[in-house]
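Letters A, B, ... mirror the listed sequences (proteins, then strands); counts begin at 1.
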Amino acid sequence: MGTISLQSVSKTYGGARAVVALDNVDFEVAEGEFVALLGPSGCGKSTLLNLVAGFEPLSEGKLLFDNQPVARPGPDRGVVFQEASLLPWLNVWENVVFGPKVQKIARSDYELRAREILRIVGLEQFHEALPVQLSGGMRQRVGIARALVMEPRALLMDEPFGALDAQTRLSMQALLLEVWQNLKTTVLFVTHDIDEAILLADRICVMTARPGRITRTIPISLRRPRSIDDLTTADFIRFKAMIMAEMRGSGH
Amino acid sequence: MAAAGISGANPSLQGFLRSRVGKGLLALILPLAALFLWQASGTNGAVAGGALPTPDRVWKAWLVWAFDKPGPMTLSPYVGNWMEAIAFSAMRVAKGFGLAVLVGVPLGILIGWSRLAASMVDPTIQWLRPVPITAWLPISIAIFGISDFGAVFLITIGAFYPIVINTTQGARDVDKNWIRAALMMGANQWDILRRVVLPAALPSIFTGLRIGLGIGWTAVIVSEMVAVKSGLGYVLWDAYYVGRMDIVIADMVSIGLFGFLSDWAIVHLEHWVLKWRRMQNFNQ
Ligand SMILES: Nc1ncnc2c1ncn2[C@@H]1O[C@H](COP(=O)(O)OP(=O)(O)O)[C@@H](O)[C@H]1O
Ligand SMILES: [Mg+2]
């Protein structure tokens with residue numbers, strides 16, 4: 001449940017000048033695994049995630065989710081966008097239950113869960129608020145809640161905390177660690193922040209640009225459960241030094 | 001900058017001019033001055049050598065038109081039937097405008113959303129659009145005769161273009177990630193149109209509605225002058241023919257008033273429907 005498998009996947013964007021965003025990528029995510037895609041901007045991280053989400057068709061290769069070819073987006077893969085991308089005319093509650101509602105799930109079957117998830121992400125007082133009334137961090141909590149309420153087999157997160165200030169980012173990372181510790185769903189997490197990748201992931205895949213490739217995979221053996229206190233441990237610093245060397249070595 | 005100069009001299013005056021009452025008084029200066037000049041330039045209730053009546057004559061004619069009861073010996077057709085003329089015109093605008101909304105909004109959403117619909121329908125709309133509504137009059141009369149529906153048809157055509165064009169624009173500019181998010185949550189094409197594209201296009205749609213309603217009032221007057229025998233437009237032309245310029249002017253003022261009121265109604269509907277949008281602009 002929640003396995004992702006890319007076999008020799010390439011993605012070329014058409015247009016006046018074709019861009020090879022992904023070149024012959026092999027990539028696996030196991031059930032319940034937390035994998036971070038780390039790389040500089042423009043290296044194809046979002047492209048890879050969008051292929052898995054079913055937002056874009058691949059050009060070559062094979063892409064399987066739970067051993068089925070990915071054809072279209074669906075609630076089995078919850079996506080969290082960088083800017084949350086909530087529907088601004090719906091309030092927090094309506095945004096969170098949008099998925100179950102359009103899937104014609106009976107209200108009694110999702111109402112309790114939606115309430116519980118909103119409580120976990122700390123928004124139980126804000127059901128009626130419109131997205132514009134929330135801070136960036138709160139908006140992203142809604143973004144996470146609306147993905148979780150669908151009980152997806154995988155969470156796909158594209159730099160979800162990239163637009164937040166450092167303080168908020170830390171609290172969001174702590175929240176995600178806590179939520180994931182309980183749910184243990186598969187997570188594919190895109191970031192360009194080395195600390196964030198080490199703190200959250202079981203495994204980091206380092207990507208390079210032109211053409212987009214995964215150049216190295218680094219398992220992060222820090223014990224679980226983790227917290228933001230891990231950011232300053234000796235083990236953490238060792239991983240960080242290693243990854244920085246890796247990224248410099250590959251030309252960045 | 002001029003306002004800043006005034007404020008330097010007298011801040012409390014500037015504060016008053018910014019208040020609701022102050023603004024209302026400012027807005028009244030021009031119309032009152034015009035009324036005064038108009039009245040003052042008349043002799044024996046006539047201006048411009050008898051071509052136009054003075055405001056007091058217009059006011060009296062309107063009182064008769066609006067409130068008097070026609071007796072058995074009444075010859076003037078402008079007694080006590082002002083509301084009736086307004087009701088005829090307003091009903092036609094409501095029907096024609098409603099029809100334009102019913103056709104224009106769904107069509108605009110479709111054109112904005114589907115490339116196929118855009119290539120099929122959009123060019124035709126663009127070709128027909130330069131034909132002014134007045135040019136449709138003969139065809140309208142030929143088809144519908146001197147009937148209510150001829151007027152409604154013209155209003156629909158006039159209001160249709162701004163509605164469909166603005167709706168199309170709004171449906172085209174929907175944030176791609178809103179659609180992706182909805183797809184990810186299991187929405188089908190119908191959900192996307194109804195729950196994402198339509199609400200996202202609403203600000204543009206309202207722009208179209210306002211312009212369309214304004215054109216609707218123009219169209220109703222034009223068509224009533226030619227194609228039907230009732231309503232404010234008919235009275236306008238008829239009163240001119242029998243030399244009742246006081247009624248002509250009272251009629252013009254009525255058109256302005258009801259055009260203004262219907263626009264006001266749409267603006268308030270928009271404020272209420274687009275609450276999320278207003279707060280967004282406020283926050284930025
Ligand atoms: N829709 C698109 N059309 C054309 N080129 C694109 C498109 N999306 C991304 N690209 C290009 O593909 C490359 C990878 O982009 P992206 O996957 O967004 O990188 P990242 O998320 O790592 O910053 C970049 O060169 C980018 O310009
Ligand atoms: Mg990206």
Just to be sure I understand the criterion: a residue of residues 107-122 of chain B counts if one of its heavy atoms is under 4.5 Å from a heavy atom of chain A. Which ones qualify?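 Within residues 107-122 of chain B, near chain A: nothing under 4.5 Å.
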What residues of residues 181-204 of chain B sit under 4.5 Å from chain A when only non-hydrogen atoms are counted? B:A181, B:A182, B:L183, B:M184, B:M185, B:G186, B:A187, B:D191, B:R195, B:V196, B:P199, B:A200
For [X], is it the side chain, the backbone, both or neither that has a heavy atom under 4.5 Å from a heavy atom of chain B?
X      : answer
A:D76  : neither
A:F81  : side chain
A:L156 : neither

Write down the atom of [X], the atom of [Y], and the distance for their closest heavy-atom approach.
X      : Y      : result
A:K11  : A:L58  : CD-CA, 4.4 Å
B:G212 : B:A159 : O-CB, 3.4 Å
A:G78  : A:P152 : N-CB, 3.4 Å

Is any side-chain heavy atom of [Y] closer than 4.5 Å to one of [X]?
X      : Y      : result
A:R153 : A:T186 : no
A:V142 : A:F126 : no
A:V9   : A:F27  : no

Would you mind telling me which of A:P73, A:P131, A:P100, A:A147 has the largest number of heavy-atom pairs within less than 4.5 Å of chain B?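 Of A:P73, A:P131, A:P100, A:A147, A:P73 has the most heavy-atom pairs under 4.5 Å with chain B.
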Determine the sole option in A:L64, A:I214, A:L48 for which the side-chain contact (heavy atoms from CB on, under 4.5 Å) test with A:L6 is passed.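 Only match with A:L6 under side-chain contact (heavy atoms from CB on, under 4.5 Å): A:L48.
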Restricting to salt bridge (Lys or Arg N to Asp or Glu O under 4.0 Å), what partner residues turn up for A:E28, sequence neighbours left out? none
Is it true that the NZ or CZ of B:K176 lies under 6.0 Å from the centre of B:W178's six-membered ring and within 45 degrees of the ring axis? no
Strictly by side chain to side chain donor-acceptor pair (under 3.5 Å), give each pair with a member in residues 93-107 of chain A just once, sequence neighbours left out.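 Non-adjacent pairs meeting side chain to side chain donor-acceptor pair (under 3.5 Å): A:R107-A:E111.
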Quick check: B:H268 with B:W264 (ring centres under 6.0 Å apart)? yes
